[in-house]
Amino acid sequence: MKNVATTKEQGSKNSVWKNIRSMKEFSVLVILLVLIVFISVLSPAFLTVTNLRTTAIGFSCNAIIAIAMTLALVSGGFDLSVGSVLGLSAVCVVVLTNNGWSIWMACIVGILVGIFCGSINGLLIGYLNLNAFITTLGMQQMARGIVYVLTNGGSIGLQDAPGVKAFRVIGSGSVGKFPLLFLVCLVLVVIGDILVRRSGIARNVFFVGSNEKTAMLSGINTRLVKTMVYVLTGALSGLAGVLTASRFGTATSSTGSGVEMTVISAAVIGGVSLTGGKGTVAGAVLGVVLMSVISNILVILNVSVHWQNFITGAILILAIIFDALSNRKKN
Amino acid sequence: MKNVATTKEQGSKNSVWKNIRSMKEFSVLVILLVLIVFISVLSPAFLTVTNLRTTAIGFSCNAIIAIAMTLALVSGGFDLSVGSVLGLSAVCVVVLTNNGWSIWMACIVGILVGIFCGSINGLLIGYLNLNAFITTLGMQQMARGIVYVLTNGGSIGLQDAPGVKAFRVIGSGSVGKFPLLFLVCLVLVVIGDILVRRSGIARNVFFVGSNEKTAMLSGINTRLVKTMVYVLTGALSGLAGVLTASRFGTATSSTGSGVEMTVISAAVIGGVSLTGGKGTVAGAVLGVVLMSVISNILVILNVSVHWQNFITGAILILAIIFDALSNRKKN
Amino acid sequence: MNNEVILRTSDIKKHFTGTYALKGVSVELKKGEIHALVGENGAGKSTLMNIISGVFSADSGSIYLDGTEVHFRNPNDAQMAGIGFVHQELALCQDLTVGNNIFIGHLPTKKSMVDNVVLNNASRKILDQFGESGKNINPAALVSTLSVAQQQMVEIAKALSSDCKVLIFDEPTSSLNDEEAKGLFEIIHRLASQGIGIFYISHKMEEIFDICNTITIMRDGQKIETIQVKDTNPEYVVSNMVGKELGNLYPEKNKSRGEEVLRVEGLTRKPYFSNVSFSTYKGEILGLCGLVGAGRTEIARAICGIDKRQSGDIYLYGKQISINNCKDASKAGICYLTEDRKKDGLFLEMSLVENIVAPQISAFCKNGLLSEKHAEDITAKYKEMLNVKYSSTSQNIGSLSGGNQQKLMLAKLLAMKPKVLFLDEPTRGIDVGAKAEIHQLLRKLSNEGISIVVISSEMPETVGVCDRVVVINVGKVVGEIAGDELTQNQIVTTISEFSDKE
Amino acid sequence: DGLQLEAHPDQTYYMVTFLSGYSFWTECWRGFQDAAAMLGVEAKYGGTTEYDVNSAVTSLEQVIALNPTGMAVTCMDADAYVDPINNAIDAGIPIVTFDSDSPNSKRTTFLGTSNYQAGVTAADYIGEKLGGKGRVACLTRTGQSNINERIEGFTTELADKYPDIEMVQVVDAGNDENEAATNLSSLLSTDSDIDYIFAALQQAVLGTETALSEAGLTGEIKVVGFDTDKTTLDSIKSGSVEATLSQSPYAEGFWSMIYVYMLANQDCIKSADDWYAKGFPSLPATGDSGCAVVTADNADMYYLAE
Ligand SMILES: Nc1ncnc2c1ncn2[C@@H]1O[C@H](COP(=O)(O)OP(=O)(O)OP(=O)(O)O)[C@@H](O)[C@H]1O
Ligand SMILES: Nc1ncnc2c1ncn2[C@@H]1O[C@H](COP(=O)(O)OP(=O)(O)OP(=O)(O)O)[C@@H](O)[C@H]1O
Ligand SMILES: [Mg+2]
Ligand SMILES: [Mg+2]
């Protein structure tokens with residue numbers, strides 16, 4: 001106790017720095033900053049408005065999904081279906097609009113489709129206690145299957161209709177120099193981060209992920225909590241699908257494929273625990289940003305496409321080695 | 001205690017049946033048998049020698065990898081790099097042979113490459129305590145990257161050289177009606193199953209997966225155990241790569257991609273726990289067989305390719321629902 | 001205390017596969033009563049409480065709360081009805097802070113955001129009731145950084161954080177030292193005086209006779225009788241609970257000792273302890289004693305290679321040995337019985353046999369394959385020796401009663417045929433009868449040449465079992481007491497003398 | 001006097017693809033590089049190895065942000081590429097599309113053959129070989145739209161022009177040759193009375209050959225593949241594959257470079273003053289690189305020069 005008191009008495013400057021250092025997001029932030037400095041020195045192309053804009057647009061949908069994925073991971077599960085559900089939602093928006101639905105109704109349906117897929121995942125995982133890996137993998141295949149059926153394996157463009165122009169502004173418009181899509185993502189991430197850090201409901205997810213039995217014995221409705229987590233991943237994937245449709249004005253059979261792996265690994269890099277109970281939205285989103293800055297750097301440095309996978313993989317591993325070493329020092 | 005005595009006195013027939021029913025593999029076996037009966041009734045094409053032969057050849061490499069994946073999952077981790085390592089090993093065999101190495105030396109190098117990749121995974125996960133998901137994902141990307149570099153994105157055929165004919169017999173020859181590849185797989189699976197069930201060394205993997213701290217306090221070298229698990233997945237992936245090269249006589253940039261997901265989900269369907277501590281090789285391999293029978297059925301029934309994903313996903317989910325319900329009844 | 005009954009169970013029955021845990025139990029709890037439940041390990045005490053609090057559902061029988069029959073479908077229902085439960089096994093959410101754990105299920109919120117200030121202040125208030133050791137717990141600290149004793153206090157604080165009519169304590173003091181326990185007793189008395197009915201499960205007779213009004217004795221899933229404390233004495237209770245007269249609780253001490261077995265010199269691991277030196281001898285049981293947080297656990301763990309030490313030499317039979325990890329230690333024959341069986345003592349989801357063979361799997365292997373017969377034989381042998389109660393060797397160890405788990409953990413170590421045994425809280429959660437048996441066993445092992453080091457928070461046990469104790473305070477050896485001088489008083493004096501000098 | 005080309009070492013041209021890393025692009029890239037060397041400018045290759053519109057468009061836009069002199073782009077999705085291409089052109093970066101087009105964008109020229117047309121060519125080849133009567137199957141990769149278009153062209157042409165040819169089944173080629181071989185084997189064990197198999201992507205050719213050889217049907221069932229990967233050409237020469245389709249990747253790359261160079265250095269073309277700004281037609285809007293059928297007769301010529 002004495003030690004604690006002494007530390008508190010030390011200058012507040014010091015303690016702010018300590019606070020930052022002790023943050024789970026610290027090491028990914030360091031890596032990110034180092035990479036940014038590195039690439040800015042090597043090439044003036046990185047710190048240009050266009051480059052930052054496109055990079056930001058590129059990671060926005062992933063970041064939105066990362067908010068919900070954080071909770072899924074914190075609850076001790078994960079959701080492999082986010083990419084396909086995103087695709088399915090985008091396809092629904094396009095197909096319905098082309099069939100004469102109002103574009104805004106179609107958007108709502110897109111999000112509802114996400115919620116529907118998420119609910120099935122959630123009920124199976126929460127109430128039937130099924131394995132999250134297989135359940136969401138199954139949902140991934142099913143959602144992707146419906147996308148194939150609807151698109152016939154190809155792609156469908158959004159036909160012009162009243163409201164379509166306005167709708168497309170969401171995905172491709174700007175406010176000043178800021179892409180609208182990025183602003184939407186930013187708002188959601190900030191709200192998500194605060195809610196996950198502070199809200200009572202989100203705290204229950206932490207309890208469930210940390211020790212499900214205890215949470216149950218303490219009167220938390222663990223099944224409902226688990227179900228709601230997947231409803232949320234579904235809902236945000238649905239939203240991301242709507243935004244994707246708005247950005248590209250088309251839905252393809254592959255829209256969203258691979259998103260789940262990008263988001264999960266980004267979240268883990270950002271300090272979210274795969275075994276549950278630990279993590280922040282900020283960390284997961286920083287992970288998403290880190291991954292997209294890495295691919296940006298590969299493009300800017302014109303690294304041979306054949307080497308890109310190798311380098312991405314190596315950086316992934318280096319990132320967690322650094323994280324492990326910096327944590328070890330802290331303890 | 002009296003109760004126990006009474007049960008033992010009951011007819012042995014009954015107890016054999018009980019034993020089978022209590023097996024972890026029971027429900028996947030039931031599903032498999034139901035599917036086989038179903039398809040045999042619908043189409044005479046299923047129970048033909050050619051169909052069984054080709055299906056068996058098709059799952060052999062996956063089954064070999066499933067042996068090691070079982071241990072990786074039991075240890076509480078998993079290995080996402082198996083598919084790329086398989087590909088890398090196949091490419092190495094072909095490239096080295098084309099560059100004048102003896103085909104058999106090339107095979108040994110292929111397996112060594114697998115062991116090398118596995119050792120890196122193992123050391124990082126076992127000794128640096130890195131997250132298995134990210135580490136093996138990183139290795140997946142790195143190995144695939146090297147495959148791209150070596151194949152230039154295309155494929156490389158095995159040129160004729162002394163021994164190549166003999167080598168190709170392994171992957172394409174038969175003993176009686178049995179494909180050699182399948183026999184190799186069968187022998188490995190049987191040995192693997194017995195060793196994982198009964199050997200002392202494998203038991204340590206179960207201890208580590210069940211409670212790593214307790215295992216450490218019990219004097220088990222948990223780091224070594226974890227490392228060796230990944231060395232084994234690497235080695236068997238390497239072997240699978242050699243067998244693939246032998247079967248196709250060519251290595252392509254996509255050889256082995258997607259294998260990790262197939263094998264992991266097969267293992268989980270076969271009762272291997274994703275949180276560690278539980279599982280059998282027989283279960284995992286039955287899972288692999290189940291998955292390949294499903295795709296076989298889809299082709300035999302001429303299901304539209306656009307519906308195949310949907311149906312596979314639905315069957316995955318139904319399989320674990322059935323598993324959950326049958327386990328619930330047992331308890 | 002008035003005579004109003006708050007909770008009544010009637011003919012509760014419960015069976016698990018292979019065993020009947022409860023064969024029809026009826027008990028009554030009155031307002032303001034502190035009602036002890038005693039019985040051997042596996043008698044069904046926890047099961048009964050789990051049924052009352054909605055964790056399990058009974059096969060038959062009924063529960064009446066305030067005179068009306070209740071059906072709890074889950075723990076939440078019971079909590080809503082005002083039943084609080086401090087579980088026997090520590091079960092906290094390790095990744096969250098103390099405050100969050102205390103208020104789990106009913107976090108204070110402001111506009112649906114968790115109010116950390118209120119949370120921490122309220123937690124502070126509850127923890128402060130435990131006296132000095134409670135004050136040392138920071139509500140904002142992660143539970144994973146707490147010691148076992150501190151976690152137990154948090155576990156209790158959890159139950160105190162909500163208003164209840166009935167509070168159940170299932171062995172709440174198994175990890176607490178006397179001072180902390182005293183804090184708890186004050187709390188319990190205060191709660192009782194507010195009219196709350198309390199069920200209190202413990203294997204420590206002194207405690208029960210100190211604080212309880214009523215005792216219900218259980219054996220083999222049945223209630224033997226309920227009596228008032230003022231009408232009975234510990235001997236009577238113990239003999240009724242065991243079903244036979246119990247002899248001496250502690251065995252004869254050894255007058256002479258043999259050669260030196262283990263010697264540690266200058267062992268240091270800052271900030272936990274520094275420059276610790278002592279020896280153990282054949283045929284002697286050594287005690288390490290001190291207040292909570294004295295660093296005894298840490299010393300034992302460092303010797304057994306679990307934690308890295310900064311300096312210090314270890315000699316076995318006069319020869320220096322190098323111990324860098326658990327494997328080195330267990331190879332040399334130095335074994336450690338952990339104080340936290342759930343976290344690092346057992347493989348809860350594995351069978352009894354597997355738990356027993358874990359530390360020395362190769363000894364049970366023939367040609368690299370596990371010989372199941374051999375393993376089962378050994379398990380059966382220790383079942384006999386330690387009188388473990390279970391229904392089948394393939395049962396998950398997690399489904400055994402707490403005391404039986406503790407016995408099996410000991411069996412696991414004994415199967416390793418150790419030379420030196422460090423036993424950290426060896427009889428935690430073990431019933432009186434079995435405790436006496438274990439004490440006898442320790443003496444027998446010691447006579448057979450195993451040198452034994454006991455770390456126990458129960459002063460009477462330390463004094464009763466050990467031939468000699470090394471007194472530790474704030475990570476330093478401050479004295480050694482042996483022979484007739486070994487009394488509780490002398491230990492306390494040694495500790496306080498040292499503290500005064502500081 | 002004739003036109004004199006000056007070297008512009010400061011000019012950088014990008015070729016950008018999706019699913020980069022496949023051998024088809026390697027051949028395009030050869031052509032692109034050769035033309036760049038001839039013109040004395042620098043050539044770079046960019047793109048992503050993933051098959052996802054978002055990653056593809058993001059990496060395309062990131063290349064655009066580098067402000068290259070000109071770009072040759074192959075479009076993963078026609079509609080999704082409209083905005084990025086238009087934005088680049090508005091920012092003064094000339095773009096030609098190759099192999100896969102985005103016709104609604106402001107791109108000046110498209111060089112290539114539609115995948116649909118390639119499917120039609122395959123159908124015509126097989127249809128003629130079979131004399132309009134027989135049974136065929138094909139392999140696709142679900143979810144990859146360029147391959148889906150080939151299958152569409154193939155099946156439509158067969159149905160229209162060769163009504164007596166039965167389309168037995170479309171089989172998924174999966175992720176790698178093992179899955180392709182397994183799935184095709186499943187078909188062969190139900191129905192091996194097939195005359196031709198059209199493996200509509202390079203990655204399925206190997207699996208097809210192996211499945212046939214394992215079923216002992218090599219030569220009995222003929223194979224038409226796609227792309228001129230070295231191993232496919234080898235197989236044509238050894239007889240296990242009868243023919244393959246070439247979309248002339250080298251030509252696509254080469255002429256893309258030439259076209260985009262012309263757009264970036266507009267005064268090379270003297271058709272009209274300021275022709276580009278005024279919209280005077282000086283470059284063809286499309287250039288058909290053709291789709292050739294490669295057989296044992298002409299396979300030698302398709303090997304990439306070392
Ligand atoms: N979940 C379970 N599955 C199977 N058997 C169980 C389970 N829980 C308890 N039992 C059995 O029920 C009996 C009573 O156990 P219980 O935990 O109530 O004992 P207890 O009186 O609390 O003992 P202790 O003093 O050791 O804690 C024991 O034989 C135990 O093995
Ligand atoms: N995991 C941990 N993290 C931080 N501090 C710890 C941890 N475990 C123990 N401590 C602290 O280290 C000191 C020594 O604890 P230790 O458990 O060795 O005490 P002990 O003498 O064994 O007491 P007990 O009677 O509780 O077993 C105490 O101050 C304790 O709070
Ligand atoms: Mg109990
Ligand atoms: Mg201790």
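Chain identifiers are assigned alphabetically (A, B, ...) following the order of the sequence lines, protein sequences preceding nucleic acid strands; residue numbering begins at 1 within each chain. Only heavy atoms go into these numbers, but all of them, side chains included; no hydrogens, no water, no symmetry mates.
- Under a 3.5 Å cut-off, the side chain of N178(D) and the backbone N or O of T255(B) do not form any donor-acceptor pair.
- Using modelled atom types and a 3.5 Å distance limit, the side chains of T142(D) and Q308(B) yield no donor-acceptor pair.
- The shortest non-hydrogen separation linking N296(B) to S186(D) is ND2-OG, 2.6 Å.
- There is no contact between I297(B) and chain D, counting heavy-atom distances below 4.5 Å.
- To the nearest 0.5 Å, the span separating OG on S155(B) from CD on E177(D) amounts to 8.5 Å.
- In this structure, a donor-acceptor pair under 3.5 Å is absent between the side chains of T250(B) and T231(D).
- Within the 4.5 Å cutoff, the side chain of S23(D) has no heavy atoms near those of the N152(B) side chain.
- For residues 168-178 of chain B, the interface with chain D (any heavy-atom pair closer than 4.5 Å) comprises G171(B), sorted by residue number.
- Chain B forms the most heavy-atom pairs under 4.5 Å with one residue out of T210(D), T140(D), T232(D), D172(D), and that residue is T210(D).
- In this structure, chain D has a heavy atom under 4.5 Å from the side chain of T244(B), while its backbone stays farther away.
- Within the structure, ring-ring contact (aromatic ring centres under 6.0 Å, His included) contacts touching residues 219-240 of chain D (residues at least two apart or in different chains) do not occur.
- Of all residues in residues 188-203 of chain D, those placing a non-hydrogen atom less than 4.5 angstrom from a non-hydrogen atom of chain B are S189(D), T190(D), Q202(D), Q203(D).
- Summarising the geometry of F248(B) relative to G207(D), their closest heavy-atom pair is CE2-CA, 4.3 Å, with the distance given to 0.1 Å.
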**OP:** Would you sort out whether D176(D) and S254(B) count as a side-chain hydrogen bond (donor to acceptor under 3.5 Å, both in side chains), showing the intermediate values?
**Re:** CA-CA 5 Å; D176(D) 70 350; S254(B) 56; over 6 Å; no

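- Of the residues considered (N183(D), N148(D), V170(D), L187(D)), N183(D) shows the highest number of contacts with chain B, using heavy-atom pairs under 4.5 Å.
- Salt bridge status for E214(D) with R247(B): present, with a side-chain N to carboxylate O gap under 4.0 Å.
- Interface residue S257(B): backbone and side-chain heavy atoms are both found under 4.5 Å from chain D.
- Proximity to chain D among residues 136-148 of chain B is limited to Y148(B), judged by heavy-atom separations below 4.5 angstrom.
- By number of non-hydrogen pairs under 4.5 angstrom with chain D, the leading residue of S253(B), G153(B), A45(B) is G153(B).
- When D234(D), V168(D), L206(D) are compared by the number of non-hydrogen pairs under 4.5 Å with chain B, L206(D) comes out ahead.
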